[in-house]
There are 2 protein chains.
Amino acid sequence: MARKTGSHSDITGPRVRAAAQTLFARHGFAAVSMRQIAKDVGVQAGALYLYTKDKQSLLFDLMKGHLEELLEAWQLHHPNSIGPMEDLEAFVRFHIGFHADRQEAVFIAYMELRNLDDDNFSVVEGLRKQYENVLGGILKNGQDTGIFAVPDTKLATLAVIAMLTGVNTWYRDGGRLDRETVQSIYWDMVRNSVAA
Amino acid sequence: MARKTGSHSDITGPRVRAAAQTLFARHGFAAVSMRQIAKDVGVQAGALYLYTKDKQSLLFDLMKGHLEELLEAWQLHHPNSIGPMEDLEAFVRFHIGFHADRQEAVFIAYMELRNLDDDNFSVVEGLRKQYENVLGGILKNGQDTGIFAVPDTKLATLAVIAMLTGVNTWYRDGGRLDRETVQSIYWDMVRNSVAA
DNA sequence: TGTCTATATGAACATACGTTCAGTTCAAGA
DNA sequence: TCTTGAACTGAACGTATGTTCATATAGACA
C-alpha cells in the first residue's frame, strides 16, 4: 500500500493506528470520526484510506493486533509449564504487567466488542477464548492434581480474569502503589481464592 | 409534563426509558439514534422530547436511577451491620443477585461513563463511590478487628467489586449454574481471598 | 532533465444526526 | 356542543458522518 524505496513515510500507517487507538479509548469507537483521527495525524480525512480499508478495519486491526501480541507475549514469558502454582503466579504477574503497559488497547479490546461486525467479532472472540484457555488450563491442571480447590474451573477462570483486568480501571504508573506491590497483593488474593 | 386526569398515557415516559436502556445496552449510547428509540416506542422522534430534555438526559436518568436503586436496595437488604464476615457474605450475595436482575442497566452504568457530560459524570461518580464505600467499610472493619487480612483495603475493595461485577459478562438465568450456586462459589472465593 | 508514483488534498456524495416547531388529532371537562 | 390542551406528527433546521475521486505535489530513478 505504501513504499518502494525509502520514500517518504512508512510511519504514517502506524501513526494512524496510534491516533485511532487513543481516540477510541478516550471517546469510544462510535463517537470518534475519521476527521478527528485525521486531524490528530495531521492529514485530511481522505488520506486515511491510503492506510486502512475503512473505519471498521481500523478497530478490528487494533483489537486483533492487541490480542495476538498478548498471546505471543505470554508464550515468551512462560513458554513451559512448571507446575500449577508456579504457572498461576506467572500468569497473574504477567497479566497485570502486560495490561498496565497497554491501557488503551485493553480498554478498547473489551469495550468495543459490540462495534465489530460479525466476521471480525468471531476472530476476536476466538483469540480472547484462547487467552482464557491459558488460565483455564492452569486451573484445571491444579484442580486435577489436588493443588487447587475450585468447584468450577470455567467460573473460576472468568472470576480471576475479571479481577485481574479490573486493575486497569484504576492502576496508573507512579500512583500510590507500584507495579510489583500490586502484582504481589493480587497474587496473594488469587492464591487464597483457589488454593486447596 | 404529562397528565391532568387519567388521560392517555403516563406510561409512555417509562416506555421511552425502557427502549433507550435496551438499545444503549445493546449498541452503545453513541451508536443509538433518537429515531431508533422512537421507532421502538412506536412514535416519531419529535415526540420523545415530551418525555426527556435531550439524549444526554436520557442516559443520565438511566444511570442515576440505577445507582440510586442499587443503594436503596442494599439498605433494605442489609440495614444493620452484624459482623464483618456476615456483612461481607450478605454483600457478595446481594451484589450478584441484584446485578443478575438488571443486566442492561449494569452494563450501561459502567460502559457509558465517558458519554456523560461533566456535571452528570460527577453525580454518577459520587453514587458509584458511595456503593464502593459500602464494601470498603466492611473490609476495613474486618481488617481492624483482625477477621480479615487484606494488605490494602482500597485495592481489595476494587478487586472484589471487579470480580463480582464480572459475573454479568456471562451469567444468564437458566444457564448451566443457577443463581444460588454462583453466589455460593463466589462467596467461597471472596472469603478465601480476604480471610485472616 | 523528465518521468513516474506514492502521498496527499479538498471538494463532493448521499445519508444520518439531534433538535425544533407549526400544525393536527382527539378525548375529557364545561 | 364547544373549548381546551396534552399527545403527537411530519417536515424542516443546520451540521456531521463515512467514503470516493479528480487533481495536485514533490521526491526518486532513469
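All chains are named by letter (A, B, ...) in the order of the sequence lines, taking the proteins before the strands, and each is independently numbered beginning at 1.
When the nearest nucleotides of DNA chain D are assigned to Ala47(A) and Ala30(A) by heavy-atom distance, the more 5′-ward of the two goes with Ala30(A).
Going from atom CD1 of Ile37(A) over to atom P of dA16(D) covers 17 Å, rounded to whole Å. Note: CG (Leu50(B)) to C1' (dT24(C)) measures 14 Å, nearest angstrom. Between Ile11(A) atom CD1 and dT7(C) atom C1' there is a gap of 14 Å when expressed in whole angstrom units. For the pair Asp117(A) CG and dG18(D) P, the computed distance is 16 Å after rounding to whole Å. What separates CG of Leu48(A) from C1' of dT7(C) is a distance of 13 Å, to the nearest Å. Between Gln56(A) atom CD and dT19(D) atom C1' there is a gap of 15 Å when expressed in whole angstrom units. Between the P atom of dT20(D) and the CZ atom of Arg35(A) lies a distance of 13 Å, rounded to the nearest Å.
An OP1 or OP2 oxygen of dA16(C) is reached within less than 4.0 angstrom by no side-chain nitrogen or oxygen of Ser33(B).
Residue Lys55(A) has its side chain nearest to dT19(D) when only dA7(D), dT19(D), dT19(C) are considered. Listed nucleotides dT9(C), dC8(D), dG10(D) differ in distance to Gln44(B); the shortest reach to its side chain belongs to dG10(D). Here the nucleotide nearest the side chain of Tyr49(B), chosen from dT19(C), dC17(C), dA8(C), is dT19(C). Listed nucleotides dA7(D), dT9(C), dT9(D) differ in distance to Val43(B); the shortest reach to its side chain belongs to dT9(D).
A salt bridge links Arg179(B) with Asp101(B): the closest approach of a Lys/Arg side-chain nitrogen to an acidic carboxylate oxygen falls below 4.0 angstrom. Remark: Lys64(A) does not engage Asp61(A) in a salt bridge, criterion side-chain N to carboxylate O under 4.0 Å. Looking at Arg128(A) and Glu125(A), a side-chain N of the basic residue comes within less than 4.0 Å of a carboxylate O on the acidic one, giving a salt bridge.
Val32(B) comes within 4.0 angstrom of sugar-phosphate atoms only, judged by non-hydrogen atoms across all strands, and of no base.
Here the CZ atom belonging to Phe148(A) is positioned 5.0 Å from the CE atom belonging to Met85(A), to the nearest 0.5 angstrom.
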